[in-house]
Trainee: 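Sharing a structure here in structure tokens format.
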Amino acid sequence: SWYRMAAAAGLEQAQYNLGVMYQKGQGVAQDHAQALYWYGCAAEQGYAPAQYNLGWLYAKGQGTPADVHKALHWFRQAAEQGDTGAQHNLGLMYEGGKGIAQDQEAASNWYRRAAEGGYACAQFALALRYDSGQAGLGTARDPAQALAWMRRAADQGHAPAQFNLGLRYDKGQDVAQDSAQAVHWYTRAAEQDHLSSQFNLALVHDSGHGVPRDEEAALKWYRRAAEGGHAGAQDNLGLRYEHGQGVARDAGMAAHWYRKAAEQGLPAAQYHLGQLFDAGQGVERDAEQAAAWFAKAAEQGHLRAQFDLGLRCEAGNGVPQDTARALDWYRRAATQGYAPAQHMVGALLEREEQGDPREAAEWYRKAAEGGHALAQFALALRYDSAHGVERDYEAAHFWYLCAARQGHARAQFNLGVMAAAGQGTQRDPVEAYGWLHRAARGGIPAATPYLKRLAARMAPVQLAQAQVHTEGA
């Protein structure tokens, strides 16, 4: 061929072109060793594009054993001739300390040279350094410079920069919040198959945050991102199939998408898949599989998985019954502030022979303060009976009241008894009658005879007043 004759005659551009043909297998069988040879011929003559490509072959170990020092040498040769790709790669090597001592200032200088030469990847890298105030720029964080370089890269079609710009407009970071601009930049990146942009674009359309809600567009972009392998989108698509949101309800498809995300390690998807195995929806019911997926999610800190795994360990559902392990999982969820788990920690500590009643009371307090009715009642009982805390009838009354207002029938009964006796609160037969009446309706057997005895002791005016109140309740 003409290229081969010209290359053999020493024409560096022909040598370079022949190297490209061998590297890509264009018109000849792909042969990285031959590509290395011809790039080397052109590179030795100072041809910058060949020096750049030769650097890549050494960096990747194609046609030769990987050699980071030779890669650095040829990138530098090309960079000093103004090759922006090589300048960018030098920046990467200085930033990461690959083949050379790490030097953030040198990294920034090479990024800047490439960025000023119009190389989009370098513009994005420089923007990130301005955004973080990274060493080597001689300044603190500079959002204006970060935004300017980000925009220059985005305008050239650099998808990560477009995504980052969309994220800034979406969150109002260093720019005025503008959902329309966020959608614009997410869309430009999404159309290049940038998965995070596709997912975020779906979220914006799904929520209708700052733009008209568009469930069809949301589903389209969730599906595109999910098919591209985005775990969050796969989990979200699974949720839509499970609940029939925008698609026909299909538990089998929900399980399909949950599994894809779960196998990538997404805790939420692992938990959702576990729930399907637990219920036998879309998959055969399998308590052991449910527990196994809950465990994977729980180990990554998924709060509900930790709590549900605690329940399973306590009951021996899909796993061997193990109270100590149950307590461990409850504690993990409890330390994340989950009130039902805090209540269960208190309950298990209370049942243990070696349990500390003061620690149990403290966990009940945490859950009670989080609005958990069972914990509020349990804590009230402890103040009432001086178990793990000093006896305090006023505190007992307060926590009974909190639980009673949430419909806890035993708390309502105890409040009625306290109001009738004036214990922890002022004696008030009308108030007592009201709470005892609610407790009786809530199924507390002792409430009805107590209510009768109380009514017999009440003045007719008080009883009439109490009955009027209960009729309206």
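Please read these numbers as outputs of a predicted model, since none were measured by experiment. In this chain, residues are counted from 1 in sequence order.
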Trainee: Work out which heavy atom in Ala298 is nearest to a heavy atom in Leu309; give both atom names and the distance.
Mentor: CB-CD2, 4.1 Å

Trainee: Just by distance, do the side chain of Gln300 and the backbone of Gly265 share a donor-acceptor pair under 3.5 Å?
Mentor: yes

Trainee: Report yes if the side chains of Trp185 and Phe163 come closer than 4.5 Å at any heavy-atom pair, otherwise no.
Mentor: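 Side-chain contact under 4.5 Å: no.
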
Trainee: Any sub-3.5 Å donor-acceptor pair from His73's side-chain atoms to His69's backbone N or O?
Mentor: no

Trainee: Carefully, step by step, assess Arg168 and Asp131 under the rule side-chain contact (heavy atoms from CB on, under 4.5 Å).
Mentor: CA-CA 12 Å; Arg168 287 163 189 270; Asp131 190 40; 3.0 Å; yes

Trainee: For residues Tyr22 and His32, establish whether the separation of their ring centroids is below 6.0 Å.
Mentor: no

Trainee: Working to the nearest 0.5 angstrom, can you tell me the gap between His205 NE2 and Leu219 CG?
Mentor: 12.0 Å

Trainee: Is it true that, when you exclude Gln26 itself, more than 12 heavy atoms of the residues, nucleotides or ligands shown sit nearer than 6.0 Å to its CD?
Mentor: yes

Trainee: Check step by step if side-chain contact (heavy atoms from CB on, under 4.5 Å) holds for Trp399 and Glu369.
Mentor: CA-CA 10 Å; Trp399 288 114; Glu369 290 172 348; 4.0 Å; yes

Trainee: When rounded to the nearest 0.5 angstrom, what is the spacing between NE2 in His256 and CG in Leu276?
Mentor: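 One gets 13.0 Å once the value is rounded to the nearest 0.5 Å.
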
Trainee: For a side-chain contact (heavy atoms from CB on, under 4.5 Å) check, start with the C-alpha distance between Gln87 and Tyr119, then their side-chain angles and the critical distance, and finish with the verdict.
Mentor: CA-CA 9 Å; Gln87 291 168 342; Tyr119 197 72; over 6 Å; no

Trainee: Does the ring pair (Phe, Tyr, Trp, His ring centres under 6.0 Å) test come out yes or no for His343 and Tyr364, once each step is laid out?
Mentor: CA-CA 5 Å; His343 170 254; Tyr364 281 141; 5.7 Å; yes

Trainee: Which pair of non-hydrogen atoms, one from Ala59 and one from Ala66, has the smallest distance, and what is that distance?
Mentor: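 Minimum heavy-atom separation between Ala59 and Ala66: O-CB, 4.2 Å.
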
Trainee: For Tyr338, which of Phe307, Trp363, Trp329 qualifies under ring-ring contact (aromatic ring centres under 6.0 Å, His included)?
Mentor: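 Result: among Phe307, Trp363, Trp329, Phe307 is the only option passing the ring-ring contact (aromatic ring centres under 6.0 Å, His included) with Tyr338.
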
Trainee: Is it the case that the side chain of Gln336 and the backbone of Gly301 share a donor-acceptor pair, with hydrogens and angles ignored and the cut-off at 3.5 Å?
Mentor: yes

Trainee: Is the number of heavy atoms from other residues, nucleotides or ligands under 6.0 Å of Gln173 CD greater than 12?
Mentor: yes

Trainee: Taking Ala43's backbone N and O only, do any of them form a donor-acceptor pair with Gln51's side chain (distance below 3.5 Å, no angle check)?
Mentor: yes

Trainee: Are more than 12 heavy atoms, taken from residues, nucleotides or ligands other than Gln145, located less than 6.0 Å from that residue's CD atom?
Mentor: yes

Trainee: Within the side chain of Gln270, is there an N or O that forms a donor-acceptor pair under 3.5 Å with the backbone of Trp293?
Mentor: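 No; judged by distance alone, with no hydrogens or angles, the pair does not exist.
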
Trainee: Between Asn109 and Arg113, is there a side-chain donor-acceptor contact under 3.5 Å, judged purely by atom types and distance?
Mentor: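 No pair is found: no donor N or O on one side chain lies under 3.5 Å from an acceptor on the other.
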
Trainee: Main chain of Trp221, side chain of Gln198: is a donor-acceptor contact present, judged purely on distance under 3.5 Å?
Mentor: no

Trainee: Got Gln245 and Leu239 here, is their nearest side-chain heavy-atom distance under 4.5 Å?
Mentor: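 The answer is no, as the side chains (C-beta and beyond) never meet within the 4.5 Å cut-off.
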
Trainee: Short question: side chain of Arg358, backbone of Gly388 - any donor-acceptor pair under 3.5 Å?
Mentor: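 Pair absent, no side-chain N/O of Arg358 close to backbone of Gly388.
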
Trainee: Looking at every non-hydrogen atom in both residues, tell me the closest pair between Ala182 and Asp170 and how far apart they are.
Mentor: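 Minimum heavy-atom separation between Ala182 and Asp170: CB-N, 3.6 Å.
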
Trainee: First locate atom CD of Glu116, then atom OG1 of Thr84, and finally report the distance between them rounded to the nearest 0.5 Å.
Mentor: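 These two atoms lie 12.0 Å from each other.
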
Trainee: Just by distance, no angles: are the side chains of Asp83 and Tyr52 close enough, under 3.5 Å, to form a donor-acceptor pair?
Mentor: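 No, no side-chain donor-acceptor contact under 3.5 Å.
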
Trainee: So which heavy atom on Ala262 is nearest to which on Ala269, and how close?
Mentor: N-CB, 3.6 Å

Trainee: Charged N to carboxylate O under 4.0 angstrom, Asp308 versus Arg312?
Mentor: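 Judged by the 4.0 Å cut-off on N to carboxylate O distance, Asp308 and Arg312 do not form a salt bridge.
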
Trainee: Determine yes or no for a side-chain-to-main-chain donor-acceptor pair under 3.5 angstrom, with Glu242 supplying the side chain and Ala251 the backbone.
Mentor: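 Absent.
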
Trainee: Do Glu314 side-chain atoms and Thr323 backbone N/O form a donor-acceptor pair below 3.5 Å?
Mentor: no

Trainee: Can you confirm whether Arg188 sits close enough to His184 that some side-chain heavy atom of one is under 4.5 Å from a side-chain heavy atom of the other?
Mentor: yes

Trainee: For Met21 and Trp38, what are the C-alpha separation, side-chain angles and deciding distance, and is it a side-chain contact (heavy atoms from CB on, under 4.5 Å)?
Mentor: CA-CA 10 Å; Met21 292 170 70; Trp38 289 112; over 6 Å; no

Trainee: To the nearest 0.5 Å, what is the distance between OH (Tyr186) and CG (Asn164)?
Mentor: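 Rounded to the nearest 0.5 Å, the OH-CG separation comes to 9.0 Å.
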
Trainee: Taking atom CG of Leu201 and atom OH of Tyr222, what is their separation to the nearest 0.5 Å?
Mentor: 10.0 Å

Trainee: Does a side-chain heavy-atom distance below 4.5 Å link Asn317 with Leu311?
Mentor: no

Trainee: A side-chain contact here means heavy atoms from C-beta on lying under 4.5 Å apart; do Leu349 and Asp356 qualify?
Mentor: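 When only atoms from C-beta onward are counted, Asp356 and Leu349 do not touch, as no gap falls below 4.5 Å.
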
Trainee: Would you indicate whether the side-chain heavy atoms of Gln15 and Gln45 approach each other to under 4.5 Å?
Mentor: yes

Trainee: What heavy-atom pair brings Gly210 and Ser179 nearest, and what distance separates the two atoms?
Mentor: CA-OG, 3.4 Å

Trainee: Whether the Tyr258 and Gln275 side chains hold a donor-acceptor pair (N or O, under 3.5 Å, no angle test) is what I'd like checked.
Mentor: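 No, Gln275 and Tyr258 have no side-chain donor paired with an acceptor closer than 3.5 Å.
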
Trainee: Quick one: do Arg332 and Glu299 make a salt bridge, cutoff under 4.0 Å?
Mentor: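 A salt bridge is present here (some side-chain N lies under 4.0 Å from a carboxylate O).
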
Trainee: Closest heavy-atom contact between Gly40 and Leu54?
Mentor: CA-CD2, 3.8 Å

Trainee: Would you say Arg213 has more than 12 foreign heavy atoms packed within less than 6.0 Å of its CZ?
Mentor: yes

Trainee: Please examine the side chains of Asp174 and Leu147, heavy atoms only from C-beta on, and report whether any two atoms are closer than 4.5 Å.
Mentor: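 Leu147 vs Asp174: side chains apart.
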
Trainee: Counting only heavy atoms not in Tyr3, do more than 12 sit closer than 6.0 Å to its OH atom?
Mentor: no

Trainee: Could you check whether any side-chain N or O of Gln30 sits under 3.5 Å from a backbone N or O of Gln23, counting only pairs where one atom can act as donor and the other as acceptor?
Mentor: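 Checking the backbone N and O of Gln23 against the side chain of Gln30, a donor-acceptor pair under 3.5 Å is found.
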
Trainee: Would you say the side chain of Tyr271 lies within less than 4.5 Å of the side chain of Gln306, judging by non-hydrogen atoms?
Mentor: no

Trainee: Between Tyr111 and Glu95, is the side chain to side chain donor-acceptor pair (under 3.5 Å) condition met? List the steps.
Mentor: CA-CA 10 Å; Tyr111 283 144; Glu95 183 177 4; 2.5 Å; yes

Trainee: Distance from Leu36 atom CG to Thr64 atom OG1, nearest 0.5 Å?
Mentor: 5.5 Å

